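To start, the structure under review is shown below, and the notes come after it.
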Amino acid sequence: MATYLMEDGDEGERLRLKTDRAVVERQARWAGIGAGMRVLDVGCGAGVTSAILGDLVSPQGSILGIDASAERIETARRNFQGPGVAFACRDFRQQMEGLGAFDFIWVRFVLEYHRSGAFDIVGRLSDLLRPGGILCLIDLDHNCLNHYGLSARLERNIQGVMDWLRERADFDPFMGRRLYSFLYDLGLEDIEVKMTPHHLIFGELSEVDRYNWWRKLAVAARGSGWSWADYEQGFDGFAAEFMDFFSDPRRFTYTPMIACRGCRR
Ligand SMILES: C[S@@+](CC[C@H](N)C(=O)[O-])C[C@H]1O[C@@H](n2cnc3c(N)ncnc32)[C@H](O)[C@@H]1O
């Protein structure tokens with residue numbers, strides 16, 4: 001799949017490192033996951049979230065994780081496939097016949113990569129819900145854009161590259177704020193919304209945050225095609241200035257995470 005913005009040989013590892021089991025459990029319980037449910041984990045990456053959700057529905061429930069990356073699905077199968085936990089390599093932009101019906105569909109950090117097609121994707125997923133089934137959508141809002149302490153040059157280039165990715169790579173840094181309207185327009189019931197901080201970074205930088213943000217730069221920003229004309233050394237100059245800023249314990253960075261859940265009639 002050529003279009004996933006973060007596609008890279010290390011993407012499965014980035015997802016593994018940044019996935020916090022306690023957060024996933026809390027979000028899924030809030031959305032209404034329960035023992036015995038049949039769950040679909042959409043854009044499951046290397047299967048870490050599927051394994052966590054699988055624990056929440058076991059032993060009678062089951063989970064199917066789907067992702068378009070054959071490599072990450074292979075890793076997921078190797079590490080997590082077992083009773084009640086299965087994976088399939090599927091592109092959710094295509095028809096999803098043959099997957100069956102689900103009690104709970106989970107779509108976390110996925111729609112932001114599909115700015116123009118997001119509503120249609122959610123519509124097709126909602127068709128896979130059993131009556132009373134739950135659809136849970138989670139994405140970031142103002143993604144990568146909230147930092148205090150940036151130089152004017154960094155500010156200009158971060159805004160520039162994010163606008164560029166929005167236009168050229170179909171990435172939506174503002175997907176979080178759109179999710180509620182998707183559930184509303186599809187006529188789902190009992191809609192609830194919750195906003196929590198995803199990144200809340202101040203003081204010493206953790207190794208996980210350093211690695212995660214470095215991968216964002218090294219994969220999405222470097223591959224974007226944005227002209228780093230402000231920097232004599234191009235992308236490398238930008239990346240060095242950003243990582244200096246980001247490593248300074250005085251910087252302040254945050255990203256709101258918006259979760260929405262609704263039920264099919
Ligand atoms: C940022 S990861 C999210 C992983 C996981 N949902 C989580 O919360 O950690 C996005 C995943 O969506 C997958 N993805 C993106 N577009 C897809 C598509 N059209 N069909 C299936 N998977 C897709 C990517 O391959 C990637 O593994």
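The model shown is predicted, which means the values in this text are computed figures rather than measured ones. For ligands, and for the atoms within them, numbers begin at 1 and follow the listed sequence.
Side chains of Y4 and E11: a donor-acceptor N/O pair is present below 3.5 angstrom, by distance only. Between the side chains of S206 and D209, at least one donor N or O lies within less than 3.5 Å of an accepting N or O.
Note: F252 and H199 fail the aromatic proximity criterion, with ring centroids not under 6.0 Å apart. Between F92 and H114, the ring centre distance stays below 6.0 Å.
Heavy-atom contacts of G45 reach the following atoms of ligand 1: 27 (O) (cutoff under 4.0 Å). Atoms of ligand 1 found under 4.0 Å from any heavy atom of F109 (numbered from 1 in listed order, with element): 1 (C), 2 (S), 3 (C), 8 (O), 10 (C). Close contacts between ligand 1 and R90 involve ligand atoms 20 (N), 21 (C) [criterion: under 4.0 Å to a heavy atom]. Contact atoms of ligand 1 toward G43: 3 (C), 4 (C), 5 (C), 6 (N), 11 (C), 12 (O), 13 (C) (distance under 4.0 Å to a heavy atom of the residue).
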Exercise. Between R108 and T19, is a side-chain contact (heavy atoms from CB on, under 4.5 Å) present by the stated rule, with each step listed?
Worked result: CA-CA 11 Å; R108 192 179 83 141; T19 302; 4.0 Å; yes
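Nearest-heavy-atom check against atom 25 (O) of ligand 1 across D67, V42, I73 picks out D67.
Considering backbone and side-chain N/O atoms, R108 comes within less than 3.5 Å of an N/O atom of ligand 1. Between W106 and ligand 1, not a single N/O pair is under 3.5 Å apart. An N or O contact shorter than 3.5 Å is missing between L15 and ligand 1 by distance. In terms of polar-atom proximity, C44 is not counted as a contact of ligand 1, lacking any N or O under 3.5 Å from an N or O of the ligand. Taking only nitrogen or oxygen atoms, main chain and side chain alike, R14 does not reach within less than 3.5 Å of ligand 1.
A cation-pi contact, defined as under 6.0 Å to the ring centre and within 45° of the axis, is absent between R77 and F87.
Looking only at distances, no side-chain donor or acceptor of R38 sits under 3.5 Å from a matching main-chain atom of L64. A donor-acceptor pair is defined here as one N or O able to donate and one able to accept, closer than 3.5 Å; such a pair exists between the side chain of D141 and the backbone of R177.
Only the side chain of Y4 comes within 4.0 Å of ligand 1, judged by heavy-atom distances.
Heavy-atom distances between H114 and ligand 1 reach below 4.0 Å in at least one pair.
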